[in-house]
Structures are given as C-alpha cells and as structure tokens.
There are 2 protein chains.
Amino acid sequence: MKVTIYDVAKEAGVSIATVSKVINNTGNMRESTRKRVLETMKEMNYTPSIMASALTGKSTQTLGLLVPDISNPFFAEMAKTIEDRAHEEGLSVIICSTDANPEKERKYLEVLQQKQADGILIASKFQDDTLLDDLIERNVPLVMLTIDDPTMNVSKVSIDDFKGGFIATNHLLNQGHENIVMIAEHAYSSRMRVYGYREAHELMSRKVQEDNIMYAEATIEGGKHCFEEIFKRNDAKLPSAIFACNDLLAIGIIHAAKEYGISIPEDLSVIGFDNTILATTSVPALTSVSQPVEDMGKMSVDLLLKEIKAGGQLKDRQLFNPELIIRGTTQAVKKSSKA
Amino acid sequence: MKVTIYDVAKEAGVSIATVSKVINNTGNMRESTRKRVLETMKEMNYTPSIMASALTGKSTQTLGLLVPDISNPFFAEMAKTIEDRAHEEGLSVIICSTDANPEKERKYLEVLQQKQADGILIASKFQDDTLLDDLIERNVPLVMLTIDDPTMNVSKVSIDDFKGGFIATNHLLNQGHENIVMIAEHAYSSRMRVYGYREAHELMSRKVQEDNIMYAEATIEGGKHCFEEIFKRNDAKLPSAIFACNDLLAIGIIHAAKEYGISIPEDLSVIGFDNTILATTSVPALTSVSQPVEDMGKMSVDLLLKEIKAGGQLKDRQLFNPELIIRGTTQAVKKSSKA
DNA sequence: TGCAATATAGAAATAGATTTGATAAAATTG
DNA sequence: CAATTTTATCAAATCTATTTCTATATTGCA
C-alpha cells in the first residue's frame with residue numbers, strides 16, 4: 001500500500017505530529033530531527049495524501065475553469081496557457097464547458113465546490129448571475145476571464161473590449177466602408193465592442209444604422225445564418241464590410257459569401273475577433289482583433305493564486321490591449337463605387 | 001459551515017452509520033427510516049464530502065486526460081466529447097497537455113495518482129513507456145485513445161490507422177499520382193498509417209520511394225519545414241501529392257506552397273488527417289481522413305468506466321472506421337502530364 | 001410460548017492528514 | 001543552583017466519511 005505519515009513517523013522514530021510539521025514547515029524543531037524526517041520521507045518515497053489534507057481544510061491544489069466551449073480554438077488556446085501556468089505552480093485544472101446551458105453552469109459550479117477547488121476561473125458568461133453572486137458572497141476565490149462586467153465585484157482579466165470594437169470599426173471606416181454590419185454575441189464583452197463600434201462612427205460623424213447590429217451564436221453556423229439574413233435584405237443596402245465578434249462567426253461569413261458568389265475582400269471586407277489559429281489558416285487569411293491569450297491566461301492564474309491567498313477579498317482588475325492584425329479579408333473600398 | 005453527515009444524523013435522529021447506509025444504498029433498513037433520512041438530506045441540502053469518502057478508498061469521481069496539446073483542434077474536439085460524456089456520468093476531467101515532454105508526462109501521471117483519479121485516458125504518446133508499464137502493473141484503470149499499440153496490454157480506442165493510411169494513399173494513386181510524399185509523426189498511429197501507405201502502393205504494384213516518407217512534428221510550422229525540405233530536393237522529383245498525418249501539417253504544407261507559388265490542387269494535391277475544423281475552414285477546403293471523434297470520445301469514457309469497475313483488468317479494444325472526406329485540395333493528375 | 005433466525009440500528013475502528021494542548025527537556029536568568 | 005522561560009516532541013482530538021461488529025428488536029416456526 002501507499003506510504004503514509006504513520007509509516008514515515010515510525011521509520012524516523014518520531015510522532016506523526018513531527019512529520020506533519022516537517023511537511024508544512026511549521027513549529028520549532030531541532031535541525032537534526034527535521035533532516036532525519038526529510039531523509040526518511042525521501043527514502044520511503046512519501047507523498048502526503050491530498051485527500052486527507054483537504055479534509056482538514058487545506059488546499060486541494062485544484063482549479064476549476066469554466067469556458068463556453070473548449071472546442072472553440074480561442075478557449076482551447078486559453079486553456080492551454082492556463083493549464084501550463086497552473087501546473088508550474090503545482091495545480092491541476094478541471095475544465096468545464098458550459099455550452100451556455102444554465103443547467104450545466106449550475107451543476108459544474110456545484111461539482112467544483114464539492115471537489116473543493118481552491119479557486120475558479122470563469123471565462124463563460126452566466127445565464128443565471130445569482131449563481132456567481134452566491135460565490136462572491138461566500139468569498140470563493142474567483143477570477144473572471146474575458147468578461148469585464150462592472151456589475152460584478154470580482155477580480156477580472158480581459159482586454160479593453162471597447163477599444164477592440166473601436167479599432168476594428170475604425171479600420172473599416174478609414175478604408176472607406178460606409179455600411180458596416182456588426183455581429184455580436186450575447187455576452188458582456190460584445191456589449192462593449194458594440195459601444196466601440198458606435199464610438200468609431202461617432203468620431204467620424206457617421207450615423208449607426210441600428211439594424212446593422214446583429215446578434216448570433218458564436219459558431220460557424222451562426223455566421224452563415226447571419227450572412228443569409230443580411231443577404232435576404234434589400235440588395236441595395238448590402239454592407240461592404242462585416243465586423244464579427246469572433247473568428248468562428250467570421251469564418252461562417254466567409255463560407256456563406258463563397259456560396260453566394262460574393263468574393264472577399266473584393267466585394268466584402270470581413271474582420272474577426274480573437275485572432276485564433278483559424279484566422280491564420282483561412283484563405284484569404286482573416287483580419288482579426290487579437291487578444292494576448294498567453295499573457296491573459298498566465299495573468300488570470302496568477303491573480304487567482306493571489307485571490308486564494310487573500311481569501312477571495314482582492315478584487316483586482318487587469319485590462320490588456322487588443323491589437324488589430326490586418327490580413328487578407330479587408331480592403332479599401334474602390335473609389336469608383338464610392339462616388 | 002458545510003452540512004456534514006453528523007448534522008444529518010442528528011437532525012434525522014439516527015446514527016451516522018445509518019445515514020452512510022442510505023447514501024450508499026447498502027445494508028438493510030426500515031423503509032420509513034430510509035425515507036426520513038433521505039428527506040432530511042434533501043431538506044438540509046446535504047452533499048457528501050468527496051474528500052472524506054475518497055479517504056476511505058472510495059472513488060473521487062475524477063478522470064485524467066493526457067493529450068499532447070489541448071490547443072490542437074483535434075484534441076480539443078476530443079476533449080469536448082470526453083468532458084460531456086464524463087459529466088453525464090458525474091465525473092470531472094482533469095486535462096493535461098504533455099507537449100511530448102517526458103518530464104511533464106511523468107509529473108502529470110504522478111499528480112493524477114496523487115489526486116486519486118479513478119482512471120486515466122491517454123491520448124498522448126509516451127517517450128518513456130516504463131511509466132505506462134508501471135501503471136498497468138498496478139492495475140490503474142487505463143484507456144489508450146488513438147494509440148493502438150499492440151505491445152501495450154490495455155484497453156484501447158482508436159481508428160484503424162492502417163486503413164486510414166491506405167484509403168488516403170489509394171485515393172491519390174487512383175487519381176493518377178505517382179510521386180506521393182507521406183509526412184508522418186513519431187507516434188504509433190503514424191507507423192500503421194505508413195504501412196497503409198505502403199500497402200496501397202503494393203496493391204497497385206508501385207514501388208515506394210523510401211525518401212518519400214518523412215517525419216515531422218504535428219504543427220503548422222512542421223508542415224512548412226517539410227515542404228521546404230521537399231522543395232529543396234531535385235526539382236524533377238517534386239511530388240504531385242502529399243499525404244500528411246494530420247491537418248496541422250497539411251495546413252502548413254498549403255501555406256508554404258502558396259509562398260512558393262505552387263497552386264493547390266492544380267500543381268499539388270494535399271490530404272490531411274483528423275478532419276478537424278481546420279479542414280473545413282481552409283481554402284480550398286482540405287481533403288482529410290476523418291476520425292469519428294464523438295463516437296471515440298464517448299466510447300473511451302464508457303470503456304474507462306467499465307475498466308474502473310473491473311479494477312483495471314478488462315483490456316478491451318475498439319477499432320473505428322476512418323473515412324476519407326474529399327474536398328478541394330485533391331485533384332486527378334492531368335493526362336497530359338502523365339503521358 | 002420459546003428459541004432460532006433475521007432485520008434494524010448504532011458504537012467504534014479506520015482512512016491520512018492537521019492542530020492544539022500537555023509534557024519533558026534544554027536553555028536562560030537571578 | 002533553583003526558578004523560570006524556551007524549545008522540542010508527542011498524545012489526542014479533529015476533519016468527514018465507510019465499514020465491521022455488536023446489540024437489540026422483530027419475525028418465523030415448532
């Protein structure tokens with residue numbers, strides 16, 4: 001069987017209390033004793049049982065990560081950096097895809113608490129905010145990732161979504177596009193990106209056509225549907241550019257456009273968001289607003305660790321800079337068509 | 001504080017032993033008692049502590065999943081289906097990306113055992129096979145996923161890689177390609193795919209040029225490097241088709257080809273493997289050998305569950321069928337060039 | 001009715017740690 | 001050198017379950 005603290009104690013000729021102190025580096029102790037115990041532990045290849053230690057209220061060395069969908073490359077890439085950083089610190093990560101399903105949200109949160117996760121990283125919007133409020137109230141260490149919702153009083157790591165929406169729209173406007181459709185998700189980040197979209201118009205004294213702001217699910221299919229809906233509108237009003245709130249949507253747009261015989265970027269410019277691997281692999285390569293995934297993932301773990309130490313009292317906020325990566329799906333409007 | 005078994009026992013007016021029996025549905029008991037305890041548990045919103053229960057040797061309701069890299073869309077998609085299935089069964093999944101790093105392999109396995117994972121899904125090759133041998137010897141419930149290595153005496157879920165290699169190569173040969181480069185990974189699955197590649201040649205009485213079988217890391221960069229290496233060869237010997245062992249490599253090939261002014265599929269046919277989202281989003285869409293990711297993920301969890309019940313003694317083997325999805329990156333050789 | 005057989009419930013041991021309070025040993029002080 | 005303080009160690013309680021064994025209570029059958 002597994003070596004326990006009792007075995008070590010017996011072998012080293014001390015009590016289990018002494019061994020425990022050596023493990024946790026607490027209390028006073030003769031240097032010779034500490035050394036002897038340490039050696040015995042090594043010799044016997046002893047590792048403390050996390051279960052037993054967790055039972056007494058100690059940490060489980062486990063984090064929870066809630067994402068909408070791990071098969072979305074953006075979250076997969078994010079998960080990778082989080083996992084890397086966590087493992088560096090000796091923590092494991094339990095990943096949960098909520099699928100924007102309130103029932104799953106509830107259940108996963110329950111499971112994570114039952115498993116006594118030391119802290120939870122939330123990169124998924126919650127249908128039911130009261131679940132989060134409950135966590136906050138009970139001081140569960142929490143960091144919200146990519147969700148900079150000011151109504152939530154927790155630590156947050158995200159990009160400046162307002163700026164993200166602004167630079168994308170601004171780029172299109174500067175290229176001469178006048179009719180720009182924006183496709184948003186039903187998520188907090190999108191709200192701010194929409195404001196950025198508005199601000200860009202405002203600064204150039206352009207009026208926003210309200211029906212140019214559409215909403216869709218963050219999937220390729222969602223993008224296709226949107227395109228079809230746009231296409232069904234009055235042909236005269238067809239946009240010359242579409243700004244999608246993530247790469248999946250943008251890819252969907254591109255696919256649908258191809259089916260409809262509309263060439264990109266000649267007839268239609270497209271901008272995505274997140275700058276995932278999909279943006280680099282699509283042809284033409286997708287212009288996209290990049291989030292510094294690695295920095296954000298690393299920061300979110302570091303922040304959560306601090307939060308855990310502070311007992312969920314910290315409430316920090318880290319804002320990163322989005323960056324527009326210009327590739328092949330955007331193009332200036334030809335003067336002829338403008339005139 | 002949290003409600004414990006003691007609280008429930010006191011409230012229901014029974015001993016903790018009785019409550020435990022109700023929880024685990026063991027032992028005999030008056031129906032009225034069982035009902036009363038059940039009601040009290042519900043009223044008090046009691047959930048048993050997994051830590052305490054794990055301490056006595058019970059399950060932790062946790063699985064480990066080892067993949068080479070969760071940010072590779074193939075494994076992300078696989079992880080999603082595994083996670084879904086596991087959660088249906090009330091299990092959480094700890095995901096670990098080994099990055100083909102022996103040090104990480106060792107550490108992650110150690111962590112999973114320390115956390116008393118009920119079972120481990122391995123979808124990552126191991127540099128150090130002795131680590132796995134050790135697990136097998138100690139009857140740790142194990143399922144190898146996408147790795148049908150006959151030297152390993154464990155449960156396995158994979159596709160028929162031989163067939164996968166065969167149908168891809170066969171398709172190219174039938175299209176009139178005579179000089180087909182195959183890019184493999186250093187993984188067991190690739191070995192079998194290479195045999196399939198050979199068999200396809202054999203059946204058509206074609207000789208395999210040994211230097212047409214190349215090896216690379218499963219990344220876009222790896223694909224690019226390969227292409228450059230091929231290109232550096234004698235121009236006269238340039239292949240008319242490349243069969244890559246995964247989509248990332250194929251995408252890398254396509255990118256590099258573009259840089260070198262070689263058009264696909266006119267000048268060069270490309271086949272990928274895994275049929276990930278990348279295959280559908282690339283332009284032209286990538287012809288790829290599809291693995292039934294959902295079925296495989298689900299099956300691997302089900303198998304692992306059985307394995308757990310059987311105490312790691314089962315040793316089942318499930319082989320799925322690969323399917324060639326023909327898209328836009330493959331094309332028959334023009335007769336003129338053949339003649 | 002009496003005794004064996006069975007059903008029901010609980011006391012106590014156990015799992016592997018942490019932590020507190022007590023005690024013994026060593027060091028310090030007057 | 002005795003009295004006091006400090007240091008080093010351990011016994012025992014605790015955390016929240018599971019499980020075995022024991023003690024009643026109930027039932028069945030002669």
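Below, read A as the first sequence line, B as the second, and so on, with proteins coming before strands; counting in each chain starts at 1.
When rounded to the nearest whole Å, the span between CG of B/D7 and P of D/dC15 equals 10 Å. In this entry the distance linking CG of A/N25 with P of C/dT19 reads 13 Å, nearest Å. Separating the NZ atom of B/K115 from the C1' atom of C/dG16 is a distance of 17 Å, rounded to the nearest angstrom. Going from atom CG of B/N28 over to atom P of C/dA9 covers 10 Å, rounded to whole Å. Taking atom NZ of residue A/K10 and atom P of nucleotide C/dG16, one finds them 13 Å apart after rounding to whole Å. For the pair A/L55 CG and C/dT14 C1', the computed distance is 13 Å after rounding to whole Å. Note: CE (A/M29) to C1' (D/dT6) measures 16 Å, nearest angstrom.
In terms of heavy atoms, B/M296 sits closest to B/Q291 at CE-OE1, 3.5 Å. The two residues B/T146 and B/S189 come nearest to each other via the heavy atoms O-CB, 3.8 Å.
Within 6.0 Å of CD on A/E137 lie no more than 12 heavy atoms contributed by other residues, nucleotides or ligands. Residue A/K306 qualifies as open at atom NZ: its count of foreign heavy atoms under 6.0 Å is 12 or below.
In this model, a donor atom of one side chain and an acceptor atom of the other lie less than 3.5 Å apart for A/S59 and A/Q61. For B/S97 and A/E83, the side-chain atoms include at least one donor-acceptor pair closer than 3.5 Å.
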Revision key, fill the gap. Once base and sugar-phosphate atoms are separated, protein heavy atoms under 4.0 Å mark nucleotides 17-25 of chain D, 5' to 3', with B, S and - as BBB------
